[in-house]
Amino acid sequence: MAVIALITVGLTQNQPSPHNVKYGVVLDAGSSHTTVYIYTWPAEKENDTGVVSQIGECMVQGPGISKFANKVSELSNYLPECMQKAKEMIPVAQHQQTPVYLGATAGMRLLRLENENLADDVLEKVTESLRSFPFDFQGARIISGKEEGAYGWITINYLMGKFTKKLRWLFPLGNESNSQETYGALDLGGASTQITFVPGNQTIESSENALYFRLYGKDYNVSNGTIYDPCFNLGYSRVMNISDLTNSPCTKTSKTTLPFLQLKIHGTGNYQQCQESVFRLFDNSDCPYSHCAFNKIFLPQPQGQFGAFSAYYYVMNFLNLTSEEHLSQEDITDRMENFCSRPWKDLKTQFGDVKEKYLSEYCFSGTYIITLLFGGYHFTPDSWKDIHFMEEIRNTDVGWTLGYMLNLTNMIPAEQPVSKPLSHSTYVSLMVLFSLILVAAVFIGLIIFHKPSYFQKDRV
Ligand SMILES: Nc1ccn([C@@H]2O[C@H](COP(=O)(O)OP(=O)(O)OP(=O)(O)O)[C@@H](O)[C@H]2O)c(=O)n1
Ligand SMILES: [Ca+2]
């Protein structure tokens, strides 16, 4: 029996030790900032799922690349600090084989809409900068919102091991019935948001909003230059340029000509009023399909579990709203009312180390997220519990970058592989145990059958 057990375990888990390690670098050029991610994986197991992990990340100092549109020459000093870090983390011998990809998101999509030449200039300059490093640079491009959502979805499901088929015979009693269902992905950045999930048995009514994979098997009424804003805390004020509001392609349609160039905003800190204003941003009228998100965009009813990352996590984590215990809608409202009503002076005292830009916007950002989820994507108080706010899984950040790299390095096979059923430590323990049983069995056998002299004498 011990021999059979040894052979069974050996055959089901033949794990060669990884010695050849590969690396990959992806730059996430977001609207608010750029982050460099450094990944590694064992070369032999390239097509296995869950083997790529993040070994480093570096946040580039300064704003997003789109903000350099009128000063592209400054971009030459932008990336070197973080790229130098990548050089230090990756062994020199591996530099030339290490692919480097840059994907730009909403900030650059908006710049391209406004002025294509400027967007090209920015990409050209970052390309020039990245070419000066000893890596295998694979290009800098603007990724579409659809790709961004898709790669975030791949990342989260890859990291959660949702693409692997578990061997059922090893977990006969486990509640594994839903374990293979994929997670939906919720991403929110400075200038765009994506929701991606596998819909239930609903018809895809707009192919523009669908992707097929085969993998692993307001307007404010103002009469002067001051407005009172319920989404900022009481005592907070900020001056902003009207052009910052009206120059974005997102606001081009609501052309309101104002008789002044600047606007002074004073916070009044009122969650209910803030929510009413934000809710008006989501146009839920005249849906041409059976279900819409907002602004007439096709979206089936959200289905299954969701991982919410990027700004969803930063903001909700700050507001203490990421708890896995079920928070009722009243709990959420109470916490938001409480936070928004706090005087700005108090917040500054308590959270002196938090960047002022972020701190001042948490009342707004939290309200925006809650309104987007309930009023935009139509989550319900009941399905809210299916949203899991997360920053990383197994030390790897959740975002679109990992999925982007997996795709471009052809690390996603079309057919579903079967995962190793045991962890390496369980495998080794079982092998040792069965070996001991085998040795003990042989030993006992020897004693019984080779101690014959006494028995034989007695018999004689
Ligand atoms: N420590 C942080 C970092 C970010 N934020 C919030 O997150 C938003 C930006 O999110 P980020 O993921 O940095 O956006 P980008 O990737 O740069 O934008 P996009 O994906 O739209 O291109 C900020 O406006 C801010 O509200 C925050 O609250 N705390
Ligand atoms: Ca982003």
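We count ligands from 1, going down the list as the structure has it; atoms in each ligand are counted the same way. Here the structure is a predicted model, which means the values were calculated and not measured.
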Which residue and non-hydrogen atom of the protein lie closest to [atom], and at what distance in Å?
atom	value
atom 12 (O) of ligand 1	Tyr314 CE1, 3.8 Å
atom 26 (O) of ligand 1	Ser365 OG, 3.9 Å
atom 23 (C) of ligand 1	Tyr358 CE2, 3.9 Å
atom 21 (O) of ligand 1	Ala191 N, 2.9 Å
atom 9 (C) of ligand 1	Ser32 OG, 3.4 Å
atom 7 (O) of ligand 1	Ala311 CB, 3.3 Å
atom 14 (O) of ligand 1	Gly190 N, 3.0 Å

Is the shortest heavy-atom distance from the side chain of [X] to the side chain of [Y] under 4.5 Å?
X	Y	value
Thr182	Trp153	yes
Leu186	Leu373	yes
Pro300	Phe197	yes

According to the interplanar angle, ranging from 0 to 90°, do the rings of [X] and [Y] count as parallel (below 30°), tilted (30 to 60°) or perpendicular (above 60°)?
X	Y	result
Phe298	Tyr289	perpendicular
Phe135	Phe133	parallel
Phe318	Tyr362	parallel
Phe374	Trp384	parallel

Going by the atom numbers of ligand 1, which of them fall below 4.0 Å from some non-hydrogen atom of [X]?
X	value
Ser192	21 (O)
Ala106	21 (O), 22 (O)
Val315	28 (O)
Gly30	15 (P), 16 (O), 17 (O), 22 (O)
Gly189	9 (C), 10 (O), 14 (O), 18 (O), 19 (P), 20 (O), 21 (O)
Thr105	19 (P), 20 (O), 22 (O)

Exercise. Under 6.0 Å from the NZ atom of Lys85, do we count more than 12 heavy atoms belonging to anything else shown?
Worked result: no
Exercise. Around Gln61, counting heavy atoms of other residues, nucleotides and ligands shown, do more than 12 lie under 6.0 Å from its CD?
Worked result: no
Exercise. Looking at Thr401 and Tyr39, what are the two nearest heavy atoms and their distance?
Worked result: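 Minimum heavy-atom contact is OG1-OH, 2.8 Å.
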Exercise. For ligand 1, is there an atom lying under 4.0 Å from some heavy atom of Tyr362?
Worked result: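 The answer is yes: ligand 1 sits under 4.0 Å from a heavy atom of Tyr362.
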For this session: Look only at interatomic distance and state if Lys357 has a nitrogen or oxygen under 3.5 Å from any nitrogen or oxygen of ligand 1.
Result: no
Exercise. Does Glu148 approach ligand 1 within less than 4.0 angstrom via side chain, backbone, both or neither, non-hydrogen atoms only?
Worked result: side chain
